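All of these numbers come straight from a predicted model, not from anything done at the bench. In what follows, every chain begins at residue 1, and chains take the letters A, B, ... in the order their sequences are listed.
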Number of protein chains: 2
Amino acid sequence: MGKQYTTLKDVARRAHTSTATVSYILNGVQDRYVSDELRQRVLTAAQELNYVKSALASGLKGKSRGVIAITVPQFTNIFFSRLVLAVEQVARAQGYVVTMCNTFDDPDREREVLESLIQQRVDGIILIPSERSTQNYELIRRIGVPTVIAERPMLDYGYEIYDYILIDNFDLAYRSTRYLIEKGHRNIAFLTWEARVVSLQERLRGYQAALQEADIPYRPEYVLQGPLQPGGRMPDDPPDARYASAGNRCGIWVSFLCPGRSAGASGTRGPHSRGPFGFCHW
Amino acid sequence: MGKQYTTLKDVARRAHTSTATVSYILNGVQDRYVSDELRQRVLTAAQELNYVKSALASGLKGKSRGVIAITVPQFTNIFFSRLVLAVEQVARAQGYVVTMCNTFDDPDREREVLESLIQQRVDGIILIPSERSTQNYELIRRIGVPTVIAERPMLDYGYEIYDYILIDNFDLAYRSTRYLIEKGHRNIAFLTWEARVVSLQERLRGYQAALQEADIPYRPEYVLQGPLQPGGRMPDDPPDARYASAGNRCGIWVSFLCPGRSAGASGTRGPHSRGPFGFCHW
DNA sequence: CTGTTAGCGCGTTCAA
DNA sequence: TTGAACGCGCTAACAG
């Protein structure tokens with residue numbers, strides 16, 4: 001329909017009082033005494049007119065907008081969905097709304113997104129950088145929007161400049177691999193995804209480090225690049241070996257082979273993990 | 001950080017002109033002549049000050065906010081992720097930002113979400129109703145925010161009141177089942193999910209209708225409720241039959257059994273389908 | 001102590 | 001080209 005929104009003034013008029021009083025009442029301002037009768041009149045009027053205060057007008061006066069944005073490189077990747085979900089829950093508990101935007105891992109797209117978010121004057125941005133993005137972050141820095149970089153490092157900046165939340169991918173892969181080695185495995189596969197993703201490279205390094213430390217030779221054939229399908233094979237597999245499907249969302253699955261038996265698999269441990277080695281972090 | 005945002009006034013001051021002129025220039029208003037020299041001065045000033053116009057202030061004056069909201073009942077369900085992704089792409093192409101909010105299929109949560117969206121004065125809402133939500137939509141109707149109900153019907157309202165985008169679940173399941181029957185199958189499984197979801201009930205009805213029409217008795221044991229795991233079994237399965245994993249996101253997979261062989265599976269056809277029967281609409 | 005007036009913030013737009 | 005009013009909620013300051 002698009003009727004006009006009811007304004008404070010409308011409510012004041014109907015309650016035969018001033019906008020100031022209405023504002024005080026509706027915002028429950030303390031140390032401001034209003035007669036019960038008037039308060040009631042105002043509340044009723046607001047109700048009847050379906051008054052909903054505009055966050056726009058509030059925001060103008062330097063008040064927080066109550067909006068946090070998060071930019072995501074891959075919308076339909078469940079890893080990011082979960083991350084966003086977690087963000088949204090915390091934000092909502094604090095009274096914030098979350099806007100999320102997909103950047104498609106495309107720096108140009110990302111810049112567009114950031115610009116529109118700044119136009120919207122969001123209170124803060126949680127930014128999961130697209131791969132190989134570079135100067136986009138100059139923008140947010142010049143403007144000064146509070147921003148946290150999450151999940152992926154930014155290649156061209158030192159860690160001093162921005163606030164980060166990252167996982168130590170190297171260490172996790174290292175420890176995961178070590179765990180398997182300590183269990184007595186020596187044929188350890190590394191299931192991965194696109195090589196250009198920095199966090200995956202880190203994990204590969206961790207994997208290699210653990211192997212080297214145990215004097216297990218690094219065998220490139222054991223590094224399998226996704227998207228992995230069910231039925232994919234490891235080099236020495238017995239014909240009936242079978243892997244869990246990682247779909248197109250495999251990151252690190254440090255798999256171990258027991259020759260002659262089916263393969264098991266285990267992921268890395270991380271903040272989104274469900275118990276040790278039970279989670280695939282892709 | 002949080003330096004103040006640069007305002008129109010700042011730009012005007014630096015360019016030694018008025019805010020009006022700056023506004024006109026920056027918005028590229030036609031039929032308004034400005035000397036090239038002044039225009040250049042303004043553009044430069046805006047650049048130097050990192051001016052980004054506030055959508056808030058623009059919005060106050062009745063201008064569109066450039067924000068569309070979509071409420072989603074399940075954030076991490078890839079079906080909805082894809083839907084949101086599609087919405088986001090179209091919206092962005094039109095210059096809109098998309099805000100998405102998770103309602104957790106919880107009517108109370110949904111109401112909170114809707115209220116905050118209205119506060120934010122979003123231009124429009126795409127609403128995927130939570131299951132069993134009822135009076136929440138009175139709100140948006142009273143207020144008059146342009147709204148489209150998507151993907152799920154609202155139980156307590158006739159279709160006349162709101163604008164809908166729905167899939168004909170009955171027909172799709174009916175046709176899918178028929179297709180399998182015409183291929184000569186008679187043992188047709190129906191893999192489904194929570195029974196209270198209306199669209200799944202509709203699909204079950206379509207499935208039953210097709211069976212009945214072909215004089216195939218309806219066998220409740222063939223209706224499998226998810227979450228389905230790989231290795232789940234159909235009643236008459238040979239021991240080596242194997243199903244595709246539907247994870248926790250199975251809706252309708254009309255599976256067919258070829259006794260003595262592994263089972264195949266096919267989904268329903270819908271707007272998000274990738275070709276006939278190639279898509280699982282859960 | 002209770003309620004009102006008035007002006008701010010910022011981009012838009014009419015009138016001059 | 002520009003001054004100034006406007007839209008809407010907030011709030012300091014003032015009046016009753």
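- Per the geometry, NZ belonging to B/Lys61 stands 14 Å off P belonging to C/dG11, to the nearest Å.
- Listed by residue number, B/Tyr51, B/Lys53, B/Ser54, B/Ala57, B/Ser58 are the residues of residues 51-59 of chain B with a heavy-atom contact under 4.0 Å to DNA chain C.
- Applying the salt bridge (Lys or Arg N to Asp or Glu O under 4.0 Å) criterion to A/Asp106, with sequence neighbours excluded, gives no partner residue.
- Protein atom CG of A/Leu8 is 17 Å distant from nucleotide atom P of C/dA6, rounded to whole Å.
- Between B/Thr21 and B/Arg121, the residue anchored closer to the 5' end of DNA chain D is B/Thr21, taking for each the nucleotide with the nearest heavy atom.
- The distance from atom OH of B/Tyr5 to atom P of C/dC10 is 12 Å, rounded to the nearest whole Å.
- Under the side-chain hydrogen bond (donor to acceptor under 3.5 Å, both in side chains) criterion, B/Arg41 pairs with B/Glu37, sequence neighbours left out.
- Here A/Thr7 lies in heavy-atom contact (under 4.0 Å) with sugar-phosphate atoms only.
- A/Gln47 is linked by a side-chain hydrogen bond (donor to acceptor under 3.5 Å, both in side chains) to nothing, counting only residues two or more places apart in sequence or in another chain.
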What's touching nucleotides 14-16 of chain C from the protein side, N or O pairs under 3.5 Å?
unit_1 : atom_1 : unit_2  : atom_2 : d
C/dC14 : N4     : B/Tyr24 : OH     : 3.1

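- Smallest separation of non-hydrogen atoms from A/Gly66 and B/Gln120: O-NE2, 4.2 Å.
- Atom CD1 of A/Ile118 is separated from atom P of C/dC10 by 16 Å (rounded to the nearest Å).
- For residues 86-95 of chain B, there are no side-chain hydrogen bond (donor to acceptor under 3.5 Å, both in side chains) pairs, not counting sequence neighbours.
- Residues passing the side-chain hydrogen bond (donor to acceptor under 3.5 Å, both in side chains) test with A/Thr44: none are found, sequence neighbours excluded.
- Using a 4.0 Å cut-off, no side-chain N or O of A/Thr19 falls inside it from OP1 or OP2 of C/dT4.
- The heavy-atom pair separating A/Ser18 from A/Ala12 by the smallest distance is C-CB, 3.6 Å.
- Boundaries of the chain B contact region on DNA chain D are D/dT1 to D/dC8, first to last in 5' to 3' order (nucleotide atom under 4.0 Å from a heavy atom).
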Extract all donor-acceptor atom pairs below 3.5 Å that involve side chains of residues 95-104 of chain A and protein atoms in other chains or at least two apart in sequence.
unit_1   : atom_1 : unit_2   : atom_2 : d
A/Thr99  : OG1    : B/Thr99  : OG1    : 2.8
A/Asn102 : OD1    : A/Phe75  : N      : 3.3
A/Asn102 : OD1    : A/Phe104 : N      : 3.4
A/Thr103 : OG1    : A/Val72  : O      : 3.3

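- When the side-chain hydrogen bond (donor to acceptor under 3.5 Å, both in side chains) test is applied to B/Ser81, no partner is found at least two apart in sequence or on another chain.
- The shortest distance between the side-chain N/O atoms of B/Asn27 and the OP1/OP2 oxygens of C/dG11 is not below 4.0 Å.
- Between A/Gln119 atom CD and C/dC10 atom P there is a gap of 16 Å when expressed in whole angstrom units.
- Annotation: salt bridge (charged side-chain N to carboxylate O under 4.0 Å, His left out) contacts involving residues 10-30 of chain A, sequence neighbours excluded, comprise A/Asp10-A/Arg13, A/Arg14-A/Glu48.
- In this structure, CZ of A/Arg39 is placed 13 Å from C1' of C/dG3, rounded to the nearest angstrom.
- In this view, B/Leu60 and A/Ala57, A/Leu60 satisfy the side chain to side chain contact (heavy atoms under 4.5 Å, CB included) rule, not counting sequence neighbours.
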